[in-house]
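Given the structure is predicted, the values throughout are model-derived calculations rather than measurements.
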Amino acid sequence: MSLTIAHLGPAGTYSEQAASFYLHWLKTSQGVDSTLYAYPTIAKSLKAVTREKTEIAIVPVENSIEGSVSMTMDSLWQLDNLRIRQALILPINHVLISCANSLDEVKTVFSHPQALAQCQQWLAKFVPNANLIPSSSTTEALDKIPQISGTAAISSQRAAQLYNLPILASDINDYSENCTRFWVITQTNQLENSFAPTHTSLAFSTSANTPGALVKALEVFADLGINLSRIESRPTKRLLGEYLFFLDIEAPVNSPVMKSALAKLNSCTEILKIFGSYSVLRMKNE
């Protein structure tokens, strides 16, 4: 059996690193071979699954420093028939890649907005006058490094090795405990987990923007003693002040307590989408 996996590219991104880990896990735990395919955006990675160009997409959903990845959340709500099959947690260790001889020579720093934000204190201290330029991934701008004097990029040590570029500074995260959670997304249940699911993720909208509408939905879980590990609001994109609510729940969807919760939640929400029930795998940084 062979599976195809979409991820945010180009080569060397943390998404590719997570996908490579999952590829190895599939091979060793289930005897399944996989092939990786890079896409220019998170949304296109997910659309590859809905259009059956790939069977899996691995996308970042949350960083321990900068919080949720809005493109993942919005795309998952907008695209139908997608399910979370697994969660992966990857430690993130940023480096500054540049051909400059010293930090004083760095005039421009490129990277994904999340990476720039995760290193903002370090950047303000060591390259305070550099222009910070967002890019679609942590590796998109690496081709510019040898060509344009004074340029640098925040990326991974693995990316520096892949592109044969020098590392000017290491361990530039603002906080040492920096990790990103990824979701393994599929369109069907064709890929079974080796571990019993421990978490469920869902999102809902309320029927009216009235006092107590959100509280009523959340009380369902409180009354049943179900812990929520994350709750976040995102705009519905219909009207100013209208929101969707994304929840990560520490219970499998098929457990009796969750079945009871979902039955009650249906009565106090407008739209309810269950994204999947899954286990969590922790990865080691390469």
To the nearest 0.5 Å, what is the distance between CG (L202) and CD1 (I249)?
4.0 Å
Can you tell me how far apart CD (Q118) and CG (L123) are? Round to the nearest 0.5 Å.
11.0 Å
For S201 and Y278, does a side-chain donor sit closer than 3.5 Å to a side-chain acceptor?
yes
Using modelled atom types only, decide if a donor and an acceptor are shared between the side chain of E55 and the backbone of T4 within a distance under 3.5 Å.
yes
Find the distance between CZ (R158) and CD (Q17) and round it off to the nearest 0.5 Å.
6.0 Å
T180 (side chain) donor-acceptor with L90 (main chain) under 3.5 angstrom
no
Between S277 and T200, is any side-chain donor less than 3.5 angstrom from a side-chain acceptor?
yes
So, are E232 and R230 salt-bridged, with charged N and O less than 4.0 Å apart?
yes
Under the 3.5 angstrom rule, does the side chain of Q30 hit a backbone N or O of L26 as a donor-acceptor pair?
no
Spatial distance of atom NZ (K107) from atom OG (S98) [nearest 0.5 Å]
11.0 Å
Given F204, which of W77, F221, F245 fulfils the ring pair (Phe, Tyr, Trp, His ring centres under 6.0 Å) condition?
F245
Spacing of CD belonging to E62 relative to CG belonging to D248, to within rounding of 0.5 Å
7.0 Å
